[in-house]
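Following: one structure in structure tokens, then a few remarks.
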Amino acid sequence: ADEHPGIAELHTIGETHQGRDILAIRVTAGVSDVPLGERPAVLYQGTAHAREWISTEVTRRLMLHFLEGATNDPVVQGILDTTELWFVPVVNPDGYQYTFDVERLWRKNLRDNNADGVIDGSDGVDLNRNFPEHWNYDEEGSSSQFASDTYRGPAPASEPETVANMSLFDMADFRFAISYHSFGNLLLYPQGWQTQTPSADDPIFVAHSGTDDDPAIPGYDPGPSADLYTTNGEFTDWAHATQEVLAWTPELDPGCPGCGFVFPDDPKLVQDEFKRNLPFALNVARSAATPDDRASHMGISTEGLYLDVSEIDPWMTNHPSSDLEVETSYGGGSSQPVEVLARRSLSFDVVDDAAADVPIPAHEDRNRAVHIPGHASTAPGQPNYLE
Ligand code: 0X9
Ligand code: ZN
């Protein structure tokens, strides 16, 4: 931030159990003159899980790409003139330090779970299970056991790192968030708490993420995160369900077959992985000013309404939660839901119509993620907004 005073600002957003600062860098043109929250924003973060070092390096190199491109790269300049970018290279500084000093494969933060004054295998909270969204929903998606690598913590947002991460959303108007993890060559998006439950934003997620045949990050498999395994109290589900932020978990490449979490200490391989991720990261930033209406770099456009996500992603065919077509519509007072997957801006057209007499539970309503009281009229002469 000192080297780029016109565009970068350093923020301390929290303090860990062991007293380390949690740092965030805010990057936008004329930063000191732009009030917090004024410009649409994107969050990029790494190393919520201590051992996933490549995620910090990808986040850091992405930040440098913007800082250095601000003087000579028209794409970067266009983004920084309209959009605010936030970078948190290390979400979990205590755990990260511990992977250097004690245990290379440590994952969690350094909460002293049993308060015995010593950090050992029974300590630490998985920060990606500590968010207040379906927290503690079940024992499969997170654990109640201190020693588990997915221990969810004693309460939702019990951890200072979680609170710091959440506090950013009060400082900026995020449209998108990318939380880099490793490993697996995956591009995951909500929902993660339950299988077979794509979100109502699935069409826009697919437009950004691509499909298995044409992924936004070359060689990665995009898809709803519960396809990997279920999680609860997880960051991207929280950002999406409670902040209306489209959020992704890219699971980065391991760097070599069998390298797992230990990406090789090889600058060329690190740079290759950063470069592979750059186009997706840039496209997300380029879309922040118009998150509802964007053209993906795969050329996938989004329609206003879908009856079935398989219309844009054939891999989703027959998905029970996104195939909303019905053979017969039973009108006249039955409780049959009428559902579509609708672009967010369109949903306003069907909300709170005083003349309406048929409630339309929005798709998200079923998942309790967002309550949208939609209504349409069946009375003669009244407009039916779904026609
Ligand atoms: O388990 C996690 O928190 C993430 N994977 S990692 O190997 N980096 O630990 C995945 C989180 C994505 N969400 C779901 N899979 N539901
Ligand atoms: Zn991880």
Side-chain angles (χ1 to χ4, degrees), residues 43-59 88-96 98-99 103-109 124-143 145 148-153 156 159 161-162 165 177-199 201-202 205 209 217 220-242 245-255 258-263 273 277 321 367 369:
L43 172 61
Y44 302 93
Q45 64 184 33
T47 301
H49 290 143
R51 61 195 172 193
E52 298 166 12
W53 293 2
I54 183 64
S55 67
T56 284
E57 201 50 29
V58 166
T59 305
V88 184
V90 183
V91 169
N92 176 10
D94 283 355
Y96 187 50
Y98 197 72
T99 61
E103 166 57 62
R104 174 66 187 86
L105 292 179
W106 188 259
R107 166 180 168 101
K108 299 182 287 181
N109 76 349
V125 170
D126 183 351
L127 297 177
N128 218 24
R129 302 293 184 278
N130 188 239
F131 283 82
E133 209 293 309
H134 281 96
W135 184 85
N136 191 18
Y137 175 73
D138 63 22
E139 194 65 14
E140 181 182 321
S142 65
S143 174
Q145 303 300 310
S148 168
D149 252 350
T150 59
Y151 174 52
R152 64 177 76 93
E159 301 313 292
E161 298 87 351
T162 312
N165 212 163
I178 304 182
S179 185
Y180 290 101
H181 283 249
S182 72
F183 63 96
N185 306 82
L186 301 164
L187 182 54
L188 305 173
Y189 48 83
Q191 303 188 95
W193 65 276
Q194 177 169 272
T195 61
Q196 305 279 299
T197 318
S199 78
D201 282 317
D202 213 68
F205 273 124
S209 312
I217 304 175
Y220 282 35
D221 275 348
S225 54
D227 284 2
L228 175 62
Y229 46 71
T230 60
T231 55
N232 46 64
E234 186 255 5
F235 169 72
T236 64
D237 269 13
W238 173 82
H240 181 249
T242 75
V245 172
L246 300 184
W248 284 267
T249 309
E251 295 277 8
L252 299 169
D253 192 89
C259 279
F261 295 109
V262 186
F263 197 98
E273 187 56 9
N277 276 273
S321 288
N367 307 323

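Atoms within a ligand are numbered from 1 in the order they appear, just like the ligands themselves. Keep in mind that what you see is a predicted model, and the values were worked out from it rather than measured.
Under a 3.5 Å cut-off, the side chain of Asn130 and the backbone N or O of Glu159 do form a donor-acceptor pair. Ser55 places a side-chain N or O within donor-acceptor distance of the main-chain N or O of Thr47, the cut-off being under 3.5 Å. When atom types are taken as modelled, the side chain of Asp201 and the backbone of Leu246 share no donor-acceptor pair closer than 3.5 angstrom. With hydrogens and angles disregarded, no donor-acceptor distance shorter than 3.5 Å links the side chain of Thr230 to the backbone of Ala226. Using modelled atom types, one side-chain atom of Arg129 and one backbone atom of Gly141 make a donor-acceptor pair closer than 3.5 Å. Distance alone, capped at 3.5 Å, is enough to place a donor-acceptor pair between the Thr197 side chain and the Thr195 backbone.
The N/O atoms of Tyr229, backbone and side chain alike, include one that comes under 3.5 Å of an N/O atom in ligand 1. For the pair Thr230 and ligand 1, the shortest N or O to N or O distance does not fall below 3.5 Å.
Here is the list of ligand 1 atoms found below 4.0 Å of a heavy atom in His181: 8 (N). Atoms of ligand 1 lying under 4.0 Å from any heavy atom of Asn128, numbered from 1 in the order shown and given with element: 2 (C), 3 (O), 11 (C). Which parts of ligand 1 touch Thr231 is read off a 4.0 Å heavy-atom cut-off, strictly below it: atoms 13 (N), 14 (C), 15 (N), 16 (N). Of all the atoms in ligand 1, the ones that sit under 4.0 Å from a non-hydrogen atom of Glu234 are 11 (C), 12 (C), 13 (N). Taking every non-hydrogen atom of Arg129 and a distance limit under 4.0 Å, the qualifying atoms of ligand 1 come out as 1 (O), 2 (C), 3 (O). Ligand-side atoms of ligand 1 in range of His49: 2 (C), 3 (O), 8 (N), 9 (O), range being under 4.0 angstrom from any heavy atom.
Taking atom 8 (N) of ligand 1 as the reference point, the nearest protein heavy-atom neighbour is Glu52 OE2, 3.0 Å. The protein heavy atom nearest to atom 6 (S) of ligand 1 is Glu251 OE2, 3.5 Å.
The one candidate from Ile54, Val262, Asp253 that meets the side chain to side chain contact (heavy atoms under 4.5 Å, CB included) condition with Ser182 is Ile54.
For a distance bound of 2.8 Å, the N, O or S atoms of Glu251 include none lying that close to the Zn ion (ligand 2).
Look at Gly184 and you'll find every heavy atom at least 4.0 Å from all atoms of ligand 1. Residue contacts with ligand 1 include Arg107, since one of its heavy atoms falls under 4.0 Å from the ligand.
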Inset, instruction - Go through Phe235 and His181 one step at a time and tell me if the ring pair (Phe, Tyr, Trp, His ring centres under 6.0 Å) criterion holds. - result: CA-CA 12 Å; Phe235 169 72; His181 283 249; 8.6 Å; no
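Of the candidates Ala226, Ser179, Ser55, Ser225, it is Ser225 that places a heavy atom closest to atom 14 (C) of ligand 1.
In summary, Arg152 and Glu139 engage in a salt bridge, as defined by a charged side-chain N under 4.0 Å from a carboxylate O.
Contact annotation: the side chain of Phe261 never approaches that of His49 to less than 4.5 Å [non-hydrogen atoms, C-beta and beyond].
Note on His181: its N/O/S atom closest to the Zn ion (ligand 2) is ND1. Within His49, the N, O or S atom at minimum distance from the Zn ion (ligand 2) carries the name ND1.
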